[in-house]
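Input: a single structure, listed below in structure tokens.
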Amino acid sequence: MSNRAPAAVPVPSLGPWEQVGDRTWRAVAQPEAVTIGLVAGSEGALVIDTGSSPAQGEQIRRSAEEVAGVPVVTVALTHAHYDHVGGLGAFADLPIHAHLDLARHLADPALAADLAPYGVDPADLPRPDRTFGVVRAVSLGDRVVELISVGAAHTDHDVIAVVADVKCIFAGDVVEPAGPEFGPDADPERWPASLDNLIGLMLRPGWTALPGHGEAMTMSEITLQRGWIASILGEVTNLVSDGVRYEDAEQRGDWPFPWERIAPGVRTAYDRLAERGFAPRDQLPIIRKDLRQD
Ligand SMILES: [Zn+2]
């Protein structure tokens, strides 16, 4: 989700592990209904994302080992939002895999604000020690999970975890059934092309993506969401051409998702276009379309 802490601090909780394939499970952790992934091999298990607090991280680790029947031996992070990294403290003794840009975001003041209600100072979180730029294969003995950087999307360091032998991808927050979460750190220009890296992996029948929030999505659903995400930048371009400022964009624009999910991303799109000299201009009344007599 975005860098927004809830107004009242909910008590973290963890739902049951649900099997989604051979020795592959997911559980839903609150707050934020965040997906936690679990993949077990002959030499141990991988946990994908860690929840919102050290206590929740410990609960994830303990229950994961019960259901998997092997020790958790390593952890992967999809991105540095609080509901994905807040439980890292429970995994400090294990190798932690993440995109090489993730550590920089652990110093983000917004993350500190989001984690403060859970008693977590991001400065105390263990740093990922198995970082990568493009792809990383994590061996669990008799099977491998591939971690792939898809490019800038929901953040600038999004990673998906591909469990090829069960055709399942833990997708982090690059897609969500409820619509994309366009926080201030999302990239409205590059997000659609980044999603092509996920879609390309799902071209053959039988693949499923498990988003960071919400139920599983098919390639068709993700492709549709990709198009809608691309339309946001197009709509901003249209609005700027018509002289519509950001402050009026909610009312004047035609948006594919609820405004509250995309407002910061629309703001970013305006800023990016303005950096290139493309900004709304006041039109003189004489050329305003609505006043033309022709
Ligand atoms: Zn997120």
Side-chain angles (χ1 to χ4, degrees), residues 1-6 10 12 14 26-37 47-53 56-57 60 75-88 96-118 120 122 125 128 147-161 169-188 190-192 194-195 197-198 209-217 222 225-226 228-229 232 257-258 260-268:
M1 299 293 269
S2 69
N3 298 320
R4 288 196 309 268
L14 181 67
R26 67 128 189 207
V28 177
Q30 298 291 355
E32 307 288 6
V34 59
T35 298
I36 310 297
V47 164
I48 301 155
D49 286 337
T50 66
S52 303
S53 71
Q56 185 166 73
I60 289 168
V75 175
L77 301 171
T78 60
H79 64 292
H81 285 160
Y82 85 97
D83 45 329
H84 302 258
V85 302
L88 258 184
I96 300 169
H97 300 269
H99 189 275
L100 49 82
D101 285 336
L102 181 139
R104 182 162 48 86
H105 291 273
L106 295 178
D108 187 336
L111 178 64
D114 285 347
L115 283 172
Y118 303 96
V120 179
L125 292 176
L147 307 177
I148 298 175
S149 164
V150 294
H154 174 69
T155 67
D156 68 359
H157 56 280
D158 291 301
V159 164
I160 62 175
I169 300 175
F170 290 93
D173 291 3
V174 298
V175 286
E176 294 184 38
E181 183 76 37
F182 260 102
D185 48 352
D187 193 319
R190 293 162 67 192
W191 195 332
S194 297
L195 273 184
N197 293 312
L198 171 59
L210 290 167
H213 309 271
E215 294 304 313
M217 295 177 74
I222 293 169
Q225 188 158 112
R226 180 217 189 281
W228 283 337
I229 289 171
I232 292 173
F257 305 109
E260 58 273 17
R261 290 186 77 84
I262 63 170
V266 172
R267 168 97 260 176
T268 302

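In each ligand, atom 1 is the first atom listed, and ligand 1 is the first ligand listed. Values reported hereafter were calculated over all heavy atoms of this structure, with side chains retained and with hydrogens, waters and symmetry mates removed.
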Report summary line: Atom name of the N, O or S atom of His81 nearest to the Zn ion (ligand 1) is ND1
Query raised in the report: When you measure from the Zn ion (ligand 1) to each N, O or S atom of His154, which atom gives the shortest distance?
Result: NE2
Report task. Take Tyr82 and Tyr118 through the ring-ring contact (aromatic ring centres under 6.0 Å, His included) test and state the conclusion after the steps. Result -> CA-CA 10 Å; Tyr82 85 97; Tyr118 303 96; 5.8 Å; yes
Query raised in the report: Taking atom types as modelled, is there a side-chain donor on His81 or Asp173 under 3.5 Å from an acceptor on the other?
Result: no
Query raised in the report: Is the distance from the Zn ion (ligand 1) to the nearest N/O/S atom of His79 under 2.8 Å?
Result: yes
Requested in this report: Check whether any N, O or S atom of Asp173 sits under 2.8 Å from the Zn ion (ligand 1).
Outcome: yes
**Report entry** Side-chain donor/acceptor of Ser52 to backbone N/O of Gly86, under 3.5 Å
**Finding:** no
Report task. Would you please classify the geometry between the His213 ring and the His84 ring as parallel, tilted or perpendicular, with 30° and 60° separating the classes? Result -> perpendicular
